[in-house]
Trainee: 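Just dropping this structure here.
Per chain, numbering begins at 1; letters A, B, ... match sequence-line order. This structure is a prediction, so every number in the text was calculated from the model and none was measured. Atom set for the values below is all heavy atoms of this structure, side chains included, hydrogens, waters and symmetry mates excluded.
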Amino acid sequence: MPREENRQMEEVRVRFPPSPTGYLHIGGARTAIYNWLFAQKTGGKFILRIEDTDIERSTKESIKGILDGLTWLGITWDEGPYFQSAYADDHQRAAQKLVESGHAYKCFCTQEELEGKREEAKRRKEDYHYDGTCRNLSVDEVNRLEAEGRPFVIRFKVVRGPGGVLFKDAVYGLIEKKYRDIEDFVILRSNGSPLYVLSNAVDDIRDGITHVIRGQDHLANTPKQIMIYEALGENLPQFAHMPLTLDPQKRKISKRAHGEVVSVQYYRERGFLPWALVNFLVLLGWSTSDNQEIFSREKLIEVFSLEGINRANSVFDIRKDDPKFFTDPKAISINAHYLRTIEIEELLPYVQAEMEAAGLWDPAFGAKKKSWFASTVDLIRSRYHTTKDFVNQGRCYFADDFPIEDKVLRKNILKHEDLKQWLPLMAERLEALEEFTVDLIEQAIRDLAAELDVKAGILINGARAAVTGQAAGPGLFEVLAAVGKERVLHRLRETPNLY
RNA sequence: GGUCCCAUCGUCUAGUGGUCUAGGAUAUCGGCCUCUCACGCCGAAGACACGGGUUCGAGUCCCGUUGGGACUGCCA
């Protein structure tokens, strides 16, 4: 009992321990988000630890990519990044301690021997567990083999007898694993380096981790780690395993199999707002009882809880070669939602960044023309899905060179021979306006339509095509006001050249 | 194969024995709005994997079947 009381007094400490073998992917980001949220919620600490023990596969670029990805998402850490490789001594000491206390032993079996036994078992359709050849070696034998210079690994000595490891997972509930189903697993390689199961536990102990929130793929490893904690005489953290994210074929998503579309970077490059991605990701396997889906940062922290984590894996509905959706439609819809609803001031920097990258940025947009810039962005944003759209579909508002879609040209201009005269005529009328306001523009154009005895729609759609190159967009009069008198007149007068 | 986990609309999910002829979101379709396209609003279609129990009553509890996933390395 006193142990539990202590635990409640303890500060919550959670961690995200990525291995730097590639970019930050969706699954990792989601794990980081859940941990971060839990820390924020409980006033605890979120620790970043880079598990770079596999030096062969770890790269500097990968570490940078992970840090950049988290930072972009707004997932900040309170401690670290710590590097696992810096604590090799801890891991070896722990292994040594386990050997000395009789919880582990040196195993001299060679990989070839083991491989042979595995094959043999497989051939006989039996499941293979390490047979314990070295488990009961006498002290003399161990000394002799070591003196011979024979390499050895250290294996954890699993209890042989009835019973098993029982623990309560915050998400999955009671989990039991029988001792007989656990083999004497390796904790230290023959070269002295630790295996994940050991180093991860030792690091969590050193870092004072109170809650281990991680993917369900680690559920099967947990009993082993619990045995290590216990053998080391340490208190257990609380475990919470979260469901995995699968692809539409129900395969675990991975960098290797899915490539870019599962990387955080991809969403950044495709024009996602970081918080929109976080909001989408948190919904993959977690929900509130009232099923709310859009959360501000503060609200999310307020309502997040481990109880809301689902047990079933969820599907990240990525589309391959879908002309309409480049990723899960729901992710896009959430991004579009934020795009059209956040404070315009908050959106502007993202649009600016896109424009700078596209070479469309004019410093005046941030100064003298700022209110024009803001209102123009506001005018067009409701039909955009990503910030990229501002420089693609939105190009005509900010630049003089913009494409006119073929179909639009044919349907809204070429089809009406008279527009060759009418649009320049419209320019005349607009030029005469005292002020270039939406109301006056509308009046002038409707008057012109009446005068010419044509449906206003003909003129309106023609003008839209000539001025924006597109068939769709905001109300034409607003568009003209936004594009500005001078440019509108020019574009209308250019119409004859389109024929 | 063995161990563990999971199972509600295409996808994300609400649902903790009766209020479920199963709710929301997204995607799809239709309508309204309208100069177009979005937005917004209204509406349609769309799911409790199957079979046994338990119970007056089961999406909800139990068992089995099927299906899916994870783990099963001197990877993390």
Side-chain angles (χ1 to χ4, degrees), chain A residues 17-21 51-54 56-58 84 107 109-111 114-115 118 121-122 125-129 151-155 169 172 175-178 180-183 185-191 193-197 199-200 215-223 241 243-244 246 248-252 280 283-294 310-317 324-325 328-334 336-337 340-341 380-385 393 408 412 442 445-446 449 455-461 463-465 470-477 479:
Chain A
S19 63
T21 56
E51 302 212 326
D52 56 349
T53 316
D54 188 350
E56 299 272 307
R57 298 198 299 151
S58 298
Q84 186 167 67
C107 169
C109 295
T110 66
Q111 294 196 57
L114 261 21
E115 198 49 48
R118 242 192 297 270
K122 197 173 174 185
K125 293 209 183 295
E126 286 169 5
D127 55 319
Y128 176 79
H129 274 176
F152 62 87
V153 298
I154 292 181
R155 284 183 186 273
D169 186 88
Y172 289 93
I175 304 285
E176 186 181 13
K177 182 100 168 174
K178 299 272 194 292
R180 77 168 108 90
D181 292 322
I182 309 173
E183 69 172 350
F185 52 96
V186 177
I187 56 176
L188 202 74
R189 294 188 185 87
S190 49
N191 68 6
S193 68
L195 269 93
Y196 169 80
V197 72
S199 56
N200 186 260
Q216 192 233 66
D217 46 347
H218 292 283
L219 197 56
N221 265 326
T222 305
H241 287 87
L244 266 21
L246 275 23
Q249 283 74 240
K250 301 278 173 70
R251 293 276 150 206
K252 183 175 158 183
F280 167 74
L283 257 18
L284 243 36
W286 172 85
S287 62
T288 58
S289 52
D290 67 353
N291 227 344
Q292 188 184 338
E293 302 204 304
I294 301 293
N310 202 238
R311 274 173 288 275
N313 293 338
S314 56
V315 170
F316 180 32
D317 197 11
K324 197 164 177 191
F325 303 104
D328 192 317
K330 189 147 189 171
I332 294 175
S333 105
I334 288 176
H337 172 88
R340 64 175 180 265
T341 57
I380 58 184
R381 65 170 166 164
S382 79
R383 66 216 79 214
Y384 291 171
H385 293 156
Q393 290 155 252
V408 177
N412 291 336
E442 171 158 17
I445 292 178
R446 291 204 187 278
K455 280 197 289 188
I458 304 283
L459 292 182
I460 288 170
N461 290 324
R464 175 180 289 107
Q470 295 158 6
L476 192 260
F477 313 120
V479 168

Trainee: By the 4.0 Å heavy-atom rule, please label A:Ala471 as base, sugar-phosphate, or nothing.
Mentor: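 A:Ala471: base contact, heavy atoms under 4.0 Å.
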Trainee: Tell me what A:Asn191 touches on the nucleic acid: a base, only sugar-phosphate, or nothing, going by heavy atoms under 4.0 Å.
Mentor: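 It contacts nothing in the nucleic acid.
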Trainee: Do the side chains of A:Arg155 and A:Ile187 get nearer than 4.5 Å, heavy atoms only?
Mentor: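 Heavy-atom side-chain distance check fails, nothing below 4.5 Å.
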Trainee: Suppose we define a pair by two distances each less than 3.5 Å, Watson-Crick or G-U wobble; what does B:G1 pair with here?
Mentor: B:U72
Trainee: Choose from B:C12, B:C74, B:G69 the nucleotide whose nearest atom is closest to any side-chain atom of A:Arg189.
Mentor: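 Ranking B:C12, B:C74, B:G69 by closest atom to the A:Arg189 side chain puts B:C74 first.
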Trainee: How about A:Arg464 and A:Gln470: do any of their side-chain heavy atoms sit closer than 4.5 Å?
Mentor: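 They are not in side-chain contact.
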Trainee: Taking N and O atoms by type only, does the side chain of A:Gln111 place a donor or acceptor under 3.5 Å from a partner on the base of B:G73?
Mentor: no
Trainee: When we call it a touch if two heavy atoms are under 4.0 Å apart, what does A:His218 touch: a base, just sugar-phosphate, or nothing?
Mentor: base
Trainee: Figure out the CG/P separation between A:Leu246 and B:A70, and round it to whole Å.
Mentor: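 Interatomic distance, CG of A:Leu246 to P of B:A70: 7 Å.
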Trainee: Strictly below 4.0 Å, N to O, side chains only: are A:Asp217 and A:Lys252 in salt-bridge contact?
Mentor: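 Yes, this pair counts.
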Trainee: Counting any heavy atom closer than 4.0 Å, what does A:Ile175 reach on the DNA or RNA strands: base, sugar-phosphate only, or nothing?
Mentor: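 Sugar-phosphate, backbone atoms only, no base.
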Trainee: Tell me, do A:Ser19 and A:Asp52 make a side-chain contact under 4.5 Å, heavy atoms counted?
Mentor: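 No, every pair of side-chain atoms sits at 4.5 Å or beyond.
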Trainee: Check the distance between B:U8's C1' and A:Arg311's CZ and give it to me in whole angstrom.
Mentor: 14 Å
Trainee: Is there a Watson-Crick or G-U wobble partner for B:A7 with both distances under 3.5 Å, and if so, which one is it?
Mentor: B:U66
Trainee: Assess the pair A:Phe325 and A:His385: is the distance between their ring centroids shorter than 6.0 Å?
Mentor: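 Between A:His385 and A:Phe325, which both carry aromatic rings, the centre distance is not below 6.0 Å.
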Trainee: Looking only at atom C1', what distance separates B:C6 and B:U55, rounded to whole Å?
Mentor: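 Nearest-Å result for B:C6 against B:U55 at atom C1': 26 Å.
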Trainee: Does the base of B:A38 carry an N or O that pairs as donor and acceptor with the side chain of A:Ser382 under 3.5 Å?
Mentor: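 A donor-acceptor contact between them is present.
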Trainee: Is the distance from OP1 or OP2 of B:A38 to the nearest side-chain N or O of A:Arg340 less than 4.0 Å?
Mentor: no
Trainee: From B:C12, B:A7, B:A14, pick the nucleotide closest to the side chain of A:Ser289?
Mentor: B:A14
Trainee: Could you check A:Arg155 against A:Asp181 and say which one's nearest nucleotide on RNA chain B is further toward the 5' end?
Mentor: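 The residue whose closest nucleotide sits nearer the 5' end is A:Asp181.
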Trainee: Without decimals, in angstroms, what is the distance between A:Asp290 CG and B:U16 C1'?
Mentor: 17 Å
Trainee: Classify the nucleic acid contact of A:Phe325 as base, sugar-phosphate or nothing, counting any heavy atom under 4.0 Å across all strands shown.
Mentor: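 The residue A:Phe325 makes sugar-phosphate contact but no base contact.
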Trainee: At under 4.0 Å between heavy atoms, what does A:Ser287 touch on the DNA or RNA strands: base, sugar-phosphate, or nothing?
Mentor: sugar-phosphate
Trainee: Would you measure the distance from the P atom in B:A44 across to the matching atom in B:A49 and give it in whole Å?
Mentor: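 One P to the other, the span is 25 Å.
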Trainee: Please work out if A:Pro248 contacts a base, only the sugar-phosphate, or nothing of the nucleic acid, heavy-atom cut-off 4.0 Å.
Mentor: nothing
Trainee: Under 4.0 angstrom, heavy atoms only, what part of the nucleic acid is A:Glu176 near: base, sugar-phosphate, or nothing?
Mentor: sugar-phosphate
Trainee: When rounded to the nearest Å, what value does the distance between P atoms of B:C33 and B:U19 take?
Mentor: 40 Å
Trainee: Tell me the interatomic distance from A:Phe316, atom CZ, to B:U26, atom P, rounded to whole angstroms.
Mentor: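 Those two atoms, CZ and P, are 18 Å apart.
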Trainee: What is the nucleic acid contact for A:Arg464, judged by heavy atoms within less than 4.0 Å: base, sugar-phosphate only, or nothing?
Mentor: base
Trainee: Measure distances between side-chain N and O atoms of A:Lys330 and base N and O atoms of B:A25, and say whether any donor-acceptor pair falls under 3.5 Å.
Mentor: yes
Trainee: Considering just the side-chain nitrogens and oxygens of A:Arg251, establish if one lies under 4.0 Å of OP1 or OP2 belonging to B:G68.
Mentor: no
Trainee: Give the rounded distance in Å between these two atoms: NZ of A:Lys177 and P of B:C4.
Mentor: 7 Å
Trainee: What interatomic distance, in whole Å, is found between P of B:C20 and the corresponding atom of B:G15?
Mentor: 15 Å
Trainee: Can you tell me the distance, in whole Å, between the CD atom of A:Glu183 and the P atom of B:C74?
Mentor: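 It works out to 7 Å between those atoms.
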Trainee: Distance between the C1' atoms of B:U54 and B:G64, in whole angstroms?
Mentor: 15 Å
Trainee: Contact class for A:Gly215 (heavy atom, under 4.0 Å): base, sugar-phosphate, or nothing?
Mentor: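 Answer is nothing: A:Gly215 stays at 4.0 Å or more from every strand.
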Trainee: Select from A:Ala331 and A:Val197 the residue whose nearest nucleotide in RNA chain B is closer to the 5' end of that strand.
Mentor: A:Ala331
Trainee: Taking only the C1' atom of each, what is the distance from B:U16 to B:U34 in whole angstrom?
Mentor: 48 Å
Trainee: How far does the P atom of B:C48 sit from the matching atom of B:A7, given to the nearest Å?
Mentor: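 It comes out at 16 Å once rounded to the nearest Å.
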Trainee: Find the partner of B:G40: check Watson-Crick (N1-N3 plus N6-O4 or O6-N4) and G-U wobble (N1-O2, O6-N3) distances, both under 3.5 Å, and reply none if neither fits.
Mentor: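 Its partner is B:C32 (Watson-Crick or G-U wobble, both distances under 3.5 Å).
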Trainee: Contact between A:Arg383 and A:Pro474 at the side-chain level, heavy atoms closer than 4.5 Å - yes or no?
Mentor: yes
Trainee: Of the nucleotides B:U11, B:C71, B:C74, which one has an atom closest to the side chain of A:Asp328?
Mentor: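 So the nucleotide nearest the side chain must be B:U11.
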Trainee: In terms of side-chain heavy atoms of A:Ile460, which of B:C35, B:C74, B:U28 is nearest?
Mentor: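 Given the options B:C35, B:C74, B:U28, the side chain of A:Ile460 is closest to B:C35.
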Trainee: Between B:C75, B:C12, B:G2, which nucleotide has the shortest distance from any of its atoms to the side chain of A:Val315?
Mentor: B:C12
Trainee: If you look at every strand shown and take non-hydrogen atoms under 4.0 Å, does A:Ala472 touch a base, only sugar-phosphate, or nothing?
Mentor: base
Trainee: Among the candidates B:A76, B:C12, B:G73, find the nucleotide nearest to the side-chain atoms of A:Ser19.
Mentor: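 My answer, after comparing the listed nucleotides, is B:A76.
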Trainee: Is there a side-chain contact between A:Ile182 and A:Pro223, using heavy atoms and a 4.5 Å cut-off?
Mentor: yes
Trainee: Under 4.0 Å, heavy atoms only, any strand: does A:Leu476 hit a base, just the sugar-phosphate, or nothing?
Mentor: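 If one applies the 4.0 Å heavy-atom cut-off, A:Leu476 turns out to touch a base.
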Trainee: Is there a donor N/O on one and an acceptor N/O on the other, under 3.5 Å, for the side chain of A:Arg383 and the base of B:C37?
Mentor: yes
Trainee: I want to check something: taking the side chain as every heavy atom from C-beta on, are A:Asp169 and A:Leu219 in contact at a cut-off of under 4.5 Å?
Mentor: yes
Trainee: Has the side chain of A:Ser314 got a donor or acceptor atom sitting under 3.5 Å from an opposite partner on the base of B:C12?
Mentor: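 A donor-acceptor contact between them is absent.
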Trainee: So A:Lys122, base contact, sugar-phosphate only, or nothing? Heavy-atom distance under 4.0 Å.
Mentor: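 Nothing, no nucleic acid heavy atom in range.
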Trainee: Tell me the interatomic distance from A:His337, atom NE2, to B:A27, atom P, rounded to whole angstroms.
Mentor: 12 Å
Trainee: Please give the nucleotide sitting opposite B:A47 as a Watson-Crick or G-U wobble pair, both distances under 3.5 Å, or none.
Mentor: none
Trainee: I'd like to check A:Asn412 versus A:Ile458 (side-chain heavy atoms, cut-off strictly below 4.5 Å). Are they in contact?
Mentor: no
Trainee: If we call it a pair only when both distances are under 3.5 Å in a Watson-Crick or G-U wobble match, what pairs with B:U19?
Mentor: none
Trainee: Is A:Lys250 close enough to B:A7 that one of its side-chain N or O atoms is under 4.0 Å from OP1 or OP2 there?
Mentor: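 Indeed not, no polar side-chain atom of A:Lys250 lies that close.
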Trainee: Do any side-chain nitrogens or oxygens of A:Asn310 fall under 4.0 Å of OP1 or OP2 in B:A14?
Mentor: yes
Trainee: Would you tell me whether A:Tyr196 and A:Glu51 have side-chain atoms, one donor and one acceptor, within less than 3.5 Å of each other?
Mentor: no
Trainee: Write down the distance separating the C1' atoms in B:A22 and B:C32, rounded off to the nearest Å.
Mentor: 29 Å
Trainee: Within the structure shown, what part of the strands sits under 4.0 Å from A:Glu293 by heavy-atom distance: base, sugar-phosphate, or nothing?
Mentor: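 Base, at least one base atom sits under 4.0 Å.
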Trainee: For the pair made of NZ in A:Lys455 and C1' in B:U36, what is the distance, rounded to whole Å?
Mentor: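 Taking atom C1' of B:U36 as the reference, NZ of A:Lys455 is at 13 Å.
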